[in-house]
Amino acid sequence: MASALGGRIRTGAPVEAVTVRGAGRCSVRLAGGETLTAGAVVSALPVGPLRSVDVTGVSEERLTSLHRQRQALAAKFVAAYDRPFWRDRGLSGLSECEGVLGSTWPQSDGILSALVPPERLGVLLGMPAPLRTGELLADIARLYGDEAYRPLASFVRMWGTDPWTQGYVTQWTPGDVMAAGPLHGTHEPPFYVCGSDQWAAGYMEGAVRTGRDAAEEALRRG
Ligand SMILES: Cc1cc2nc3c(=O)[nH]c(=O)nc-3n(C[C@H](O)[C@H](O)[C@H](O)COP(=O)(O)OP(=O)(O)OC[C@H]3O[C@@H](n4cnc5c(N)ncnc54)[C@H](O)[C@@H]3O)c2cc1C
């Protein structure tokens with residue numbers, strides 16, 4: 001998709017700083033020092049990585065609101081089997097667990113997905129990497145039987161420590177909604193925001209809706 005847009009999309013270009021000086025006078029500094037200038041800036045960053053970007057020229061209230069939101073640090077585990085063996089026991093594959101895994105669900109026929117929730121991510125991080133898959137499969141085996149130990153393939157993804165996501169979805173605790181306040185998900189042209197974290201509850205529909213909204217708003221204001 002990026003190459004079809006003739007070089008207008010840069011990948012592998014981490015943003016370190018954004019300066020907003022009014023319409024037509026925005027700049028974005030990339031890692032390595034290159035600076036791009038633009039008429040407007042649309043931030044599609046999740047709240048965690050955005051906290052690491054030095055943003056100037058945007059009101060203090062907006063930055064306080066953006067920086068007040070927290071993210072859930074989680075990891076994901078997927079195991080693929082040749083068949084959904086858990087059904088032999090009359091089980092659906094959907095569970096809430098007490099091990100390192102917090103929940104499992106059937107992603108498709110024969111494929112089980114599982115999340116390691118924030119309060120257990122530390123346990124996973126402390127596990128020597130070569131032990132992780134075996135211990136997570138043991139969690140699944142305790143639920144569904146020893147066939148769990150023989151996946152065709154499995155994969156652990158440490159979303160919580162990935163520097164470009166720093167987590168899974170927005171995590172709201174009591175008081176957070178009021179603290180992020182009415183500026184949440186709104187724009188301060190020529191500075192616009194979009195992405196799941198600018199929606200009520202994260203997730204794909206939030207990424208899509210806020211992306212459309214920010215694009216519409218930026219086009220409307222020229
Ligand atoms: C394990 C897991 C399971 C999920 N399951 C579901 C599900 O079943 N249903 C559902 O609807 N949603 C699910 N989600 C949530 C959904 O994937 C996210 O809400 C959505 O992908 C976020 O989209 P986004 O565009 O806001 O952010 P992202 O897709 O995270 O995009 C942000 C982009 O910003 C880039 N970036 C970060 N920092 C910088 C920087 N400094 N400079 C330049 N670029 C930067 C990143 O590299 C990334 O490409 C899941 C997420 C996870 C992790």
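Just so you know, residue 1 is the first one in the sequence shown, and it goes up from there. One-based numbering, in listed order, for ligands and for the atoms of each. When reading the values below, keep in mind they use all heavy atoms of this one structure, side chains included, and skip hydrogens, waters and symmetry mates.
No donor-acceptor pair closer than 3.5 Å links the side chain of S108 to the backbone N or O of I111.
Protein heavy atoms are found inside the 4.0 Å sphere centred on atom 12 (N) of ligand 1. Under the 4.0 angstrom criterion, atom 8 (O) of ligand 1 counts as lacking any protein heavy-atom contact. At a distance under 4.0 Å, no protein heavy atom can be found next to atom 49 (O) of ligand 1.
Annotation: the span from L183 atom CG to Q198 atom CD amounts to 10.5 Å, rounded to 0.5 Å. Once rounded to the nearest 0.5 Å, the distance linking OH of Y144 with CG of L112 reads 6.0 Å. Rounded to the nearest 0.5 Å, atoms OG1 (T161) and CG (L124) are 8.5 Å apart. To the nearest 0.5 Å, atoms CG (L101) and CG (L115) are separated by 9.0 Å. Separating the OG1 atom in T170 from the CZ atom in R70 is a distance of 11.5 Å, to the nearest 0.5 Å.
Using a 4.0 Å cut-off between heavy atoms, Y203 contacts ligand 1 through both its backbone and its side chain. Only the backbone of A44 comes within 4.0 Å of ligand 1, counting heavy atoms alone; no side-chain atom from C-beta on gets that close.
Using a 4.0 Å cut-off between charged nitrogen and carboxylate oxygen, R83 and D88 count as a salt-bridge pair. Taking a cutoff of 4.0 Å between a charged side-chain nitrogen and a carboxylate oxygen, R150 and E147 do not qualify as a salt bridge.
For ligand 1, the atoms sitting less than 4.0 Å from at least one non-hydrogen atom of G195 are 26 (O), numbered in the order shown with element in parentheses. For ligand 1, the atoms sitting less than 4.0 Å from at least one non-hydrogen atom of P14 are 42 (N), 43 (C), numbered in the order shown with element in parentheses. In summary, the atoms of ligand 1 found under 4.0 Å from a heavy atom of V169, numbered by their order in the structure, are 15 (C). The ligand atoms of ligand 1 that sit less than 4.0 angstrom from a heavy atom of W159 are 1 (C), 53 (C). Applying the 4.0 Å criterion to heavy atoms of K76 picks out, from ligand 1, the atoms 1 (C).
Summarising the contacts of atom 23 (O) of ligand 1 with A13, A207, G211, G160, the nearest heavy atom is found in A207. Considering C194, P49, A31, P46 only, the shortest heavy-atom separation from atom 34 (O) of ligand 1 involves P46.
In this structure, the protein non-hydrogen atom closest to atom 4 (C) of ligand 1 is Y168 CE1, 3.4 Å. Protein heavy atom closest to atom 44 (N) of ligand 1, with residue, atom name and distance, is L45 CD1, 4.1 Å. Nearest protein heavy-atom contact of atom 40 (C) of ligand 1 is V15 N, 3.6 Å. In terms of protein heavy atoms, atom 47 (O) of ligand 1 is closest to W164 CB, 3.4 Å. Closest to atom 16 (C) of ligand 1 among all protein heavy atoms lies M204 SD, 3.8 Å.
The aromatic rings of W172 and H184 sit perpendicular to each other, their planes meeting at more than 60°, with 30° as the lower class boundary.
Distances between N or O atoms of S196 and those of ligand 1 include at least one value under 3.5 Å.
Two residues are said to be in side-chain contact when any heavy atoms from C-beta on lie closer than 4.5 Å; E188 and S59 meet this criterion.
Legend: ring pair (Phe, Tyr, Trp, His ring centres under 6.0 Å) pairs involving residues 187-208, not counting sequence neighbours, sorted by first then second residue: H187-Y192.
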